[in-house]
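Below is one structure, written out as C-alpha cells; the observations come after it.
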Amino acid sequence: GVDAWLGNNQTTYAKMKKEVNEKVANYKNGMIMNMTTNEAAEKTPDDSLDFVFIDADHSYPSCKIDMQKWLPKVKVGGYIIGHDYKVKPVKKAIEEVFGKKGYKTDVDQVWYVKKVKA
C-alpha cells in the first residue's frame, strides 16, 4: 500500500496509519510505503507485482500518471485495477491509457485491465 498520510486532520491520519500498519504486519508480503505514489513507483521494480489498485487523486492528470507509472510494475498476467470509473476525469484517463474498450468494469465502480505481453 502507498499513502503519504497528508491532509488537514493529522490526528485522524495518525490513527488510520497505525491501524493499517498493525493489520498489514501479519502479512509477509504486505507493506505500507509512507510516501507519494510517484516516490513509491520509482522504488518498485518493473514486473514485480501481481496487481495494483489505484484509488488516489481523482484528477485527470494524476490518474493518467498513476496508470502510466504503475502499469510497468505489474507482471504479465497480473492486473491494474482502480476505482471510480464513473468519475469523468478518471474515465478519461482510463480510456486514453487503455482505450475505450481496453478495460472491464465490476461492482462499486471498479475497473480493471489484465496485463498482456506487449
Side-chain angles (χ1 to χ4, degrees):
V2 177
D3 202 316
W5 305 104
L6 301 173
N8 294 331
N9 191 338
Q10 283 301 300
T11 302
T12 300
Y13 278 129
K15 181 180 176 189
M16 289 176 9
K17 181 179 178 180
K18 182 178 184 284
E19 289 175 12
V20 168
N21 280 309
E22 287 171 357
K23 287 181 182 183
V24 79
N26 295 325
Y27 296 93
K28 67 177 183 174
N29 292 329
M31 71 177 192
I32 303 297
M33 300 173 85
N34 190 175
M35 58 190 70
T36 68
T37 188
N38 289 334
E39 293 167 334
E42 289 174 15
K43 293 180 181 288
T44 304
D46 288 352
D47 302 310
S48 65
L49 303 174
D50 294 316
F51 73 93
V52 168
F53 191 96
I54 298 172
D55 189 19
D57 183 340
H58 288 57
S59 70
Y60 163 75
S62 291
C63 289
K64 189 169 181 181
I65 289 168
D66 277 351
M67 292 171 205
Q68 292 171 327
K69 285 192 177 248
W70 285 101
L71 182 61
K73 310 307 176 184
V74 177
K75 298 173 187 174
V76 171
Y79 289 87
I80 184 164
I81 309 162
H83 191 239
D84 296 318
Y85 71 85
K86 290 183 180 179
V87 175
K88 287 182 182 182
V90 175
K91 187 171 185 173
K92 180 180 178 185
I94 296 167
E95 291 181 350
E96 283 190 17
V97 174
F98 301 108
K100 289 190 177 197
K101 296 186 179 189
Y103 67 101
K104 295 184 180 183
T105 61
D106 208 324
V107 298
D108 194 31
Q109 295 192 56
V110 170
W111 61 269
Y112 63 97
V113 175
K114 184 174 184 177
K115 186 173 178 180
V116 296
K117 281 189 176 182

Hey, any chance Phe53 and Val24 share a hydrophobic cluster, counting ILVMFWY side chains that come within less than 4.5 Å of each other, even indirectly? no
Which pair of non-hydrogen atoms, one from Gly77 and one from Lys114, has the smallest distance, and what is that distance? O-CE, 3.6 Å
With sequence neighbours left out, write down each residue that passes side chain to side chain donor-acceptor pair (under 3.5 Å) with Lys15, or none if nothing qualifies. none
What residues, two or more places apart in sequence or in another chain, satisfy side-chain contact (heavy atoms from CB on, under 4.5 Å) together with Leu49? Thr44, Val52, Trp70, Lys73
Flag the pair Trp111 / Ile80 as yes when at least one side-chain heavy-atom distance between them is below 4.5 Å, and no otherwise. yes
Just wondering, are more than 12 heavy atoms of other shown residues or ligands nearer than 6.0 Å to NZ in Lys91? no
For the residue pair Val110 and His83, what are the closest heavy atoms and their distance? CG2-CD2, 4.0 Å
Do Val20 and Ile54 share a hydrophobic cluster (ILVMFWY, side-chain heavy atoms under 4.5 Å, transitive)? no
Work out which heavy atom in Ser59 is nearest to a heavy atom in Pro89; give both atom names and the distance. C-CB, 4.0 Å
Among the clusters formed by ILVMFWY side chains lying less than 4.5 Å apart, do Ile81 and Tyr103 turn up in the same one? no
Other residues, nucleotides, ligands: >12 heavy atoms within 6.0 Å of Tyr112 OH: yes
Side chain to side chain donor-acceptor pair (under 3.5 Å) assessment of Thr36 paired with Asn38: CA-CA 5 Å; Thr36 68; Asn38 289 334; 5.2 Å; no
Determine, stepwise, if the pair Asn34 / Lys17 fulfils side chain to side chain contact (heavy atoms under 4.5 Å, CB included). CA-CA 9 Å; Asn34 190 175; Lys17 181 179 178 180; 2.3 Å; yes
State the CZ-NZ distance between Phe98 and Lys115, to the nearest 0.5 angstrom. 10.0 Å
Quick one: do Ile32 and Tyr13 end up in the same hydrophobic cluster if we chain Ile, Leu, Val, Met, Phe, Trp and Tyr together by side-chain heavy atoms under 4.5 Å apart? yes
Closest non-hydrogen atom pair between Ala93 and Lys64, with its separation: CB-N, 3.7 Å
same_hphob_cluster(Val97, Ile94) at 4.5 Å side-chain heavy-atom cutoff: yes
Interatomic spacing from CE in Met67 to OG in Ser62 - rounded to 0.5 Å: 10.5 Å
For Gly102 against Val113, the heavy-atom pair lying closest together: O-CG2, 3.5 Å
How would you list, by chain and number, every residue that makes a side chain to side chain donor-acceptor pair (under 3.5 Å) with Lys18, sequence neighbours excluded? Glu22
Between Lys69 and Thr37, is any pair of side-chain heavy atoms under 4.5 Å apart? no
